[in-house]
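Report on the following structure.
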Amino acid sequence: MHYRCEWVPEYSREYLAGLDRPYRQDDILQIARGQLSREEKRFNAGGRFLFCDTEMLVCKIWSEEKFGHCHPWILDKLDRHRYDLYLLCNTDIPWQADPLRENPHDRDRLFGVYLKELTAREFPFAVISGTGKQRIDNAIRMIDRHFRFGQEK
């Protein structure tokens, strides 16, 4: 990894892979708790950065999209648990099927939902576009710009 730092994978993948039934709204709450717990453990390990594959905004939107509302615990954590920068991936790469992915034909609308939430909450974010190495380079450039690496603060 470019920054040689800690990262927290998407806990929902592990959680959902272990279910022997369709997921329910209370599962999203358990996923949110598990995700945050793992973040806190990795954060306490120290380091320059902690990259998180997902977080409470994803759980909120997922819950609202699938079930029409979100658990208050998730909303509370979303309001209290801040991140330094969100990377919002554009929909300019092809959909890749995956047993745990949903909404293959609704990506642009969902992108707009995330964009609206990030903007309304005034969360710092950058939209990441491009394909392959270009996409990674764009993410690195946006992170460096946000944290002003190599520049006078």
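If you read the sequence from its start, that first residue is 1, and numbering goes on from there.
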All salt bridge (Lys or Arg N to Asp or Glu O under 4.0 Å) counterparts of D53, not counting sequence neighbours: none
Check: D92 side chain, G130 main-chain N or O, donor-acceptor pair, under 3.5 Å: yes
Verdict with supporting geometry, I143 and F51, side chain to side chain contact (heavy atoms under 4.5 Å, CB included): CA-CA 11 Å; I143 293 166; F51 282 85; 3.6 Å; yes
Atom of Q96, atom of R101 and distance for their closest heavy-atom approach: O-NH1, 2.8 Å
R21/D27 salt bridge by N-O under 4.0 Å criterion: yes
Ring-ring centroid check F147 F49, cutoff 6.0 Å: yes
Closest heavy-atom pair and its distance - I28, C59: CG2-O, 3.8 Å
Neighbour count above 12 (heavy atom, 6.0 Å) for E102 CD: yes
All pairs passing ring pair (Phe, Tyr, Trp, His ring centres under 6.0 Å) where residues 96-146 contributes a residue, at least two apart: Y86-F123
Pairing of E10 and R13 as salt bridge, 4.0 angstrom limit: yes
Separation of C52 SG from E55 CD (nearest 0.5 Å): 8.0 Å
Given L36, I61, D79, the one that forms side-chain contact (heavy atoms from CB on, under 4.5 Å) with M56: L36
Would you list the atom pairs, donor with acceptor, under 3.5 Å between side chains in residues 64-72 and any protein atom, with sequence neighbours excluded?
residue	atom	partner	partner atom	Å
E64	OE1	K60	NZ	2.8
E64	OE2	K60	NZ	2.9
E65	OE1	R109	NH2	2.5
E65	OE2	R109	NH1	3.2
H69	ND1	Q25	NE2	3.3
H69	NE2	Q25	OE1	3.3
H71	ND1	W73	N	2.9

From R135, R141, K133, Q134, residue fulfilling side-chain hydrogen bond (donor to acceptor under 3.5 Å, both in side chains) relative to D137: K133
Any donor-acceptor N/O pair, R42 side chain to W7 backbone, under 3.5 Å: yes
For the student: nearest non-hydrogen atoms of Y83 and P124, plus distance: O-CG, 3.9 Å
